[in-house]
2 protein chains.
Amino acid sequence: MAGESGPVTLRGIAERLGLHVSTVSRVLNGPSGEQGRAASGETARRIRELADELGYRPNPHATSLRTRRSNLVGVLFPRLSEIVVATIYEGVEEEATRRGLSTFVTNTHDDPATQRERIGMVLGRRVDGLIIGDAHLDGAALADPALDGTPFVLVNRRTDTGHPAVTCDDRLGGRRVAEHFLDLGHRRVAVIAGEPFASTGTDRTTGFTDRYREAGLPLPAHWVRHCGFDTAGGHRAAAELLSGPDRPTAIFAVNDLAAIGTMGAARDLGLRLGEDLALAGFNDTPLAAELPVPLTSVRSPMAEQGRRAVRLLLRRIAGEPVASEMLGPELVVRASSGAQIGPPPR
Amino acid sequence: MAGESGPVTLRGIAERLGLHVSTVSRVLNGPSGEQGRAASGETARRIRELADELGYRPNPHATSLRTRRSNLVGVLFPRLSEIVVATIYEGVEEEATRRGLSTFVTNTHDDPATQRERIGMVLGRRVDGLIIGDAHLDGAALADPALDGTPFVLVNRRTDTGHPAVTCDDRLGGRRVAEHFLDLGHRRVAVIAGEPFASTGTDRTTGFTDRYREAGLPLPAHWVRHCGFDTAGGHRAAAELLSGPDRPTAIFAVNDLAAIGTMGAARDLGLRLGEDLALAGFNDTPLAAELPVPLTSVRSPMAEQGRRAVRLLLRRIAGEPVASEMLGPELVVRASSGAQIGPPPR
DNA sequence: ACGATTGGCGCAAACGATTGGGTAGAGCAT
DNA sequence: ATGCTCTACCCAATCGTTTGCGCCAATCGT
């Protein structure tokens with residue numbers, strides 16, 4: 001006899017109580033402080049009581065339709081299966097949930113056509129804003145006029161076009177690795193630089209090479225090799241670097257996966273990590289410490305980037321002025337860079 | 001002079017054309033085959049033309065409100081930063097996109113309270129169904145009455161409560177590893193079994209131990225150790241297994257991360273993989289092949305699981321009868337199991 | 001030539017919530 | 001008694017679509 005009226009709606013509650021839906025709406029939306037002048041304290045109590053007895057949940061479609069706010073944000077990443085990205089997303093999700101937002105997250109595989117298509121898709125879903133984690137340096141996909149009305153921020157990667165972004169200070173991270181290698185006496189070093197369109201790779205590379213140049217040891221161009229951000233890419237690039245007669249004594253791989261690929265290549269060539277070859281990665285993923293030869297890596301605050309990106313987006317949505325943020329990296333030295341041994345033979 | 005009327009709506013189009021919105025709606029929704037009897041071919045053409053000139057995109061909130069269908073699905077996982085999970089999600093996303101669905105994906109950290117809360121959240125968003133990748137064997141969170149009206153399917157993990165699920169044939173995978181170890185002559189073997197509440201871990205373990213029992217070599221209870229599904233958990237469990245005087249000659253870790261943790265523990269004890277200790281993992285993640293000692297692992301079709309889960313859910317939503325699906329695993333032998341060396345010393 | 005189709009649209013009522021404007025009555029001062 | 005201010009509500013429009021029904025004219029059958 002109680003309720004066989006399908007999902008519980010504002011009207012359902014109002015009718016049961018002999019009130020008008022607007023009254024119910026105001027009570028349920030107003031501050032729970034009794035001082036909301038929407039209704040008498042007594043009425044408000046009855047409304048709230050019935051609402052949660054019935055398990056009332058406002059229909060978000062109706063609300064969004066009316067208010068033109070969806071509390072939805074779109075999140076774009078190259079691929080969530082990469083641990084770095086997944087960890088950033090955990091931060092995004094945590095903060096978004098805390099703020100009452102839901103996220104549409106999607107993989108674009110760094111393909112411009114897919115990027116555009118997915119931007120169109122989330123825009124079609126009427127998101128309030130987007131968090132873009134797959135930006136290319138040229139910012140091409142972000143020039144899409146469809147994006148005009150919708151605020152967005154970047155995360156992990158920045159562009160040259162000055163959009164607000166939350167990133168790690170990648171340049172500084174690369175610099176730290178260079179200093180570490182210099183301290184160890186390495187004069188012939190190479191970089192596995194990742195994809196040329198991603199600021200993460202290029203900035204880390206720049207930071208590293210700048211420091212070596214300052215030390216009077218500029219890197220020859222063929223010792224900066226671009227490759228995919230995965231183990232296979234790292235493997236190939238490292239194999240090329242290491243198979244020549246003139247081989248570097250240390251390699252900086254701009255992310256841990258490429259570093260692991262480098263390990264594979266070194267293994268194939270019979271090179272011992274930390275002895276014949278020093279190696280450093282970037283991101284200090286949980287694997288780094290567990291590898292048979294633990295990996296020296298730059299720790300970057302990934303989840304924190306995600307959280308900050310959400311807050312930054314929220315400020316943009318609110319129309320407040322915003323500025324990009326950079327988080328500090330930290331070098332974690334382990335055996336792969338061979339810190340325990342002396343300078344390499346000349 | 002053209003359009004300063006904010007977002008383009010059905011009404012906007014209708015007015016410009018001197019038609020009624022219902023006509024426009026029918027034309028735009030009907031099959032693009034000219035044989036839709038919604039309007040004359042000429043009118044239909046004009047409508048479609050203007051619609052995409054203006055870049056019309058139906059407002060999904062309005063549509064969902066009216067049709068009571070959101071084309072949204074909720075996706076629950078323990079943590080997306082685990083590569084296995086992320087890869088399954090890529091399959092989910094790919095298939096969902098193909099079918100015109102969007103997904104809300106969220107991390108529950110295998111915590112029952114969070115699971116319930118997130119189920120409530122996606123339900124509050126009025127999803128059409130959910131894909132649950134964090135099920136516990138007892139199916140506790142799935143008994144939530146709030147779930148009653150909403151169809152769902154499981155992926156990766158099954159429950160004992162018989163909900164439709166898409167999984168890998170984990171038992172068979174474990175069995176394959178056992179057979180491999182038996183072929184190599186290992187008689188004293190241990191399992192790092194993962195979390196006891198996840199069917200992936202328990203089924204792989206059961207498949208393995210069953211086979212050894214059939215061979216007349218039942219495993220002692222203390223050689224089946226539960227632990228977290230990550231490197232740290234694997235490291236701890238392996239350290240315990242390997243530090244006793246009576247140590248197993250082979251270890252089956254039910255996932256690759258635990259296997260990598262095992263590698264770390266072995267390294268700490270000075271044990272050489274493939275010589276002093278045989279090791280196999282599960283999932284054949286991209287890392288497995290690149291490790292300094294390449295990891296023997298069971299390959300499971302992860303993205304395919306995700307795709308199938310979407311299709312299964314769609315069938316449930318359509319009210320068709322559905323059955324669980326199991327995908328075949330495949331053993332990939334590499335150096336960590338020491339296949340190249342003879343039977344271990346007795 | 002007249003009733004029956006039917007092609008081509010328009011009408012209006014939903015879907016569930018929000019929100020700017022009432023309005024009735026109570027309480028108070030003048 | 002009149003005018004005023006609150007309090008505590010109610011009214012109704014609106015957001016953008018979908019969809020059962022109805023209507024008008026042209027066409028058809030006989």
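Only a predicted model underlies this, so the values are computations on that prediction, with no experimental measurement involved. Order of the sequence lines sets the chain letters (A, B, ...), proteins ahead of strands, with each chain counted from 1.
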Study note, to complete from the structure: From CG of B:N71 across to C1' of D:dT17 the rounded distance in Å is 14 Å
Check your understanding: Salt-bridged, A:E49 to A:R46, with N to O below 4.0 Å?
Key -> no
Review point. Should D:dT30 form a Watson-Crick or G-U wobble pair with both distances under 3.5 Å, which nucleotide is its partner?
Key: C:dA1
Check your understanding: Once you round it to whole Å, what is the distance between C1' of C:dG16 and NE2 of B:H61?
Key -> 13 Å
Review point. Taking OP1 and OP2 of D:dG16, is either one under 4.0 Å from a side-chain nitrogen or oxygen of A:R68?
Key: yes
Check your understanding: Between C:dG10, C:dG16, D:dC11, which nucleotide has the shortest distance from any of its atoms to the side chain of A:H20?
Key -> D:dC11
Point to revise | Sugar-phosphate only, base, or nothing, as touched by B:S25 at under 4.0 Å among non-hydrogen atoms | key: base
Check your understanding: For A:S64, which contact category applies under a 4.0 Å heavy-atom criterion: base, sugar-phosphate, or nothing?
Key -> nothing
Practice item. Could you state the atom-to-atom distance from CG of A:L10 to P of D:dA12 in whole Å? Key: 18 Å
Review point. Whole-Å distance between C:dA14 P and B:L65 CG?
Key: 13 Å
Exercise for review: Tell me which nucleotide among D:dT17, D:dG16, C:dC15 gets nearest to the side chain of B:P7.
Suggested key: D:dG16
**Study point:** Between P of C:dA14 and CG of A:N59, the distance in whole Å
**Key:** 17 Å
Check your understanding: Is there a donor and acceptor pair, one atom on the side chain of B:R26 and one on the base of D:dG20, closer than 3.5 Å?
Key -> yes
Check your understanding: At under 4.0 Å between heavy atoms, what does A:G18 touch on the DNA or RNA strands: base, sugar-phosphate, or nothing?
Key -> sugar-phosphate
Exercise for review: Please check if any side-chain donor atom of A:T106 sits under 3.5 Å from a side-chain acceptor atom of A:R118, or the reverse.
Suggested key: yes
Exercise for review: Measure from CZ on B:R46 to P on C:dG8 and round the result to the nearest Å.
Suggested key: 14 Å
Practice item. Kindly indicate whether the side chain of B:S22 and the base of C:dC11 share any N or O donor-acceptor pair separated by less than 3.5 Å? Key: yes
Check your understanding: Can you tell which of C:dG10, C:dA17, D:dC9 lies closest to the side chain of A:T43?
Key -> D:dC9
Revision key, fill the gap. Side-chain atoms of A:T63 come closest, of D:dT17, C:dA17, C:dG10, to C:dA17
Check your understanding: Got more than 12 heavy atoms from elsewhere within 6.0 Å of CZ, B:R125?
Key -> yes
**Study point:** Closest nucleotide among C:dA17, C:dA12, D:dT17 to the B:T9 side chain
**Key:** D:dT17
Study note, to complete from the structure: Of C:dG10, D:dC15, D:dT17, the nucleotide closest to the side chain of B:L19 is C:dG10
Practice item. Anything under 30° is parallel, anything over 60° is perpendicular, the rest tilted; go ahead and classify B:F104 against A:F104. Key: parallel
Check your understanding: How long is the line joining CD1 of B:I47 and C1' of C:dG10, in whole Å?
Key -> 12 Å
Check your understanding: Does the distance from a Lys or Arg side-chain N to an Asp or Glu carboxylate O, for B:D128 and B:R126, drop under 4.0 Å?
Key -> no
**Study point:** side-chain contact (heavy atoms from CB on, under 4.5 Å), paired with B:V92, selected from B:V73, B:I131, B:V155
**Key:** B:I131
Point to revise | Candidate nucleotides C:dC15, C:dG10, D:dT17, ranked by approach to the side chain of A:R11 - the nearest | key: C:dC15
Point to revise | Selection from C:dG10, C:dG16, D:dT17 that lies nearest to any side-chain heavy atom of B:A62 | key: D:dT17
Practice item. Round to the nearest Å and state the distance from B:I13 atom CD1 to C:dG10 atom P. Key: 14 Å
